[in-house]
Amino acid sequence: MLNYAKILVTGAEGQLGKCLKILVGKSANIIFAGKKELDITDANAVYSFFNNHLPQIVINTAAYTQVDGAESNRELAFLVNAEAVKNLAETCKIFGSKLIHISTDYVFDGKAKLPYKETDIPNPITQYGKSKLAGEKQIIQSSLKEYAIVRTSWLYSNFGHNFYKTMLQLAKIKKEISVVDDQQGCPTYAVDLANALLDIATKLTKENSGIYHFCNTGATTWYGFAIAIFEKKQIAIGVHPIATASFPTAAKRPAYSVLDSQKLQEVFHLNIPSWEEGLSECISEG
Ligand SMILES: NC(=O)c1ccc[n+]([C@@H]2O[C@H](COP(=O)([O-])OP(=O)(O)OC[C@H]3O[C@@H](n4cnc5c(N)ncnc54)[C@H](OP(=O)(O)O)[C@@H]3O)[C@@H](O)[C@H]2O)c1
């Protein structure tokens with residue numbers, strides 16, 4: 001077990017928060033705070049929580065993550081994903097804490113043909129993506145010295161709501177399903193991300209602060225991901241590729257949201273598993 005500095009994980013009842021929890025167990029010097037323990041939109045509560053616990057590092061997994069819901073709940077999305085991130089960044093500054101904040105591939109418009117690098121210009125096409133980009137800006141504008149904004153994509157695990165679990169649920173009740181085959185991205189096993197975040201927490205300095213991309217390596221479509229899930233789980237089900245246009249959603253999804261994680265691998269000396277390896281690991285741990 002690594003000897004961590006005192007870490008606060010916000011949004012601890014979410015998918016990523018739970019993955020962090022199973023990795024570190026109870027023994028480590030880590031405080032897990034769900035929304036009930038710490039509502040990050042409440043600036044006074046955030047200050048008091050820091051004052052009581054004095055975290056040296058904050059891993060902010062708390063977010064409004066309903067991509068379609070954000071189209072009609074714009075205010076709430078911006079409150080949690082931007083204003084509350086400002087609260088955290090300002091409070092980290094006061095208490096000298098480092099901030100590791102999770103952001104998303106949906107800050108990009110999906111028009112690229114090559115994996116997005118940290119230097120590419122964001123241009124979100126959804127309210128969710130806009131609110132997450134606004135959160136990133138709050139951290140940068142706060143002039144907090146030690147921070148990492150880690151953009152990730154297509155998170156899944158055995159916890160919470162995600163595509164992997166949805167496919168397994170559908171397989172219980174359907175013999176045939178249709179899955180979108182014209183959106184490209186990187187399915188990312190949330191435990192692999194959690195491992196990377198804990199590693200970053202031990203190595204984050206003023207010098208390496210900035211924006212990073214983290215996803216499992218390689219790329220596929222939702223259809224390709226579904227096929228891999230059913231093959232690896234040996235589930236017999238008919239899977240048909242469809243176009244995004246046949247599956248209308250409130251929020252338009254980027255057609256291409258593959259992230260390039262090379263910078264993170266080089267700066268923090270991390271080896272990132274492929275998305276197929278991540279999936280096998282998820283299945284074996286499920
Ligand atoms: N899931 C993905 O595919 C994906 C892709 C790219 C990036 N990300 C980013 O990765 C991070 C983790 O995502 P996830 O999949 O773990 O999301 P999640 O399962 O939805 O977890 C987010 C958690 O934050 C909590 N929360 C919401 N408002 C809060 C508040 N005001 N104060 C404290 N906690 C609050 C939620 O509680 P309630 O559920 O009770 O509201 C939930 O437990 C997020 O920053 C997300 O934007 C996710």
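All values below come from the heavy atoms of this structure, side chains included, with hydrogens, waters and symmetry mates left out. Positions are given from 1 along the sequence. Just follow the structure's listing: the first ligand is 1, and inside any ligand the first atom is 1.
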So that I can tick it off, tell me whether [Y] and [X] are bridged by a salt bridge, with the cut-off set at under 4.0 angstrom between side-chain N and carboxylate O.
X      : Y      : result
Arg151 : Glu118 : no
Lys21  : Glu13  : yes
Arg253 : Asp182 : no

What side-chain donor-acceptor pairs closer than 3.5 Å can you find for residues 174-181, not counting sequence neighbours?
from: Glu176; atom 1: OE1; to: His240; atom 2: NE2; distance (Å): 2.5
from: Asp181; atom 1: OD1; to: Thr221; atom 2: OG1; distance (Å): 2.6

Qualifying residue, where the test is ring pair (Phe, Tyr, Trp, His ring centres under 6.0 Å) with Phe225 and the options are Tyr156, Trp154, Phe230, Tyr164: Tyr156

Under 3.5 Å: N/O of Thr65 near N/O of ligand 1: yes

Contact check: Tyr64 vs ligand 1, nitrogen or oxygen atoms, below 3.5 angstrom: no

Test item: protein heavy atom less than 4.0 Å from atom 21 (O) of ligand 1: yes

Residue-level breakdown please: for [X] versus ligand 1, do any non-hydrogen atoms fall below 4.0 Å on the side chain, on the backbone, on both, or on neither?
X      : result
Val80  : side chain
Ile102 : both
Tyr128 : side chain
Leu38  : backbone

Which residue and atom name correspond to the protein heavy atom nearest [atom], and how close is it?
atom                    : answer
atom 5 (C) of ligand 1  : Trp154 N, 3.8 Å
atom 6 (C) of ligand 1  : Thr152 O, 3.2 Å
atom 48 (C) of ligand 1 : Leu155 CD1, 3.8 Å
atom 15 (O) of ligand 1 : Gln15 NE2, 2.9 Å
atom 31 (N) of ligand 1 : Asp39 OD1, 2.9 Å
atom 34 (N) of ligand 1 : Ala62 CB, 3.4 Å

Leu88 backbone acceptor or donor facing Asn60 side chain under 3.5 Å: no

Tyr116 side chain vs Gly110 backbone, donor-acceptor pair below 3.5 Å: yes

For [atom], the option (of [options]) bearing the nearest heavy atom:
atom                    : options                      : answer
atom 7 (C) of ligand 1  : Ala84, Cys19, Ser153, Ser103 : Ser103
atom 25 (C) of ligand 1 : Ala63, Gly14, Ala77          : Ala63
atom 26 (N) of ligand 1 : Glu83, Lys132, Lys35, Gln66  : Lys35
atom 32 (N) of ligand 1 : Leu20, Leu16, Val46, Ile40   : Ile40

Stepwise side chain to side chain contact (heavy atoms under 4.5 Å, CB included) check, Ser103 with Ile149: CA-CA 6 Å; Ser103 192; Ile149 294 166; 3.9 Å; yes

Proximity flag Thr61 to ligand 1, non-hydrogen atoms under 4.0 Å: yes

Atoms of ligand 1 close to Thr41 [distance to a heavy atom under 4.0 angstrom, numbered from 1]: 31 (N)

Note, Leu20 side chain near Thr61 side chain (heavy atom, < 4.5 Å): yes

Side chain to side chain, Val58 and Cys92, heavy atoms closer than 4.5 Å: yes

Aromatic centroids of Phe108 and Tyr256 separated by under 6.0 Å: no

Stacked cation flag Lys203 on Phe268, 6.0 angstrom / 45 deg: no

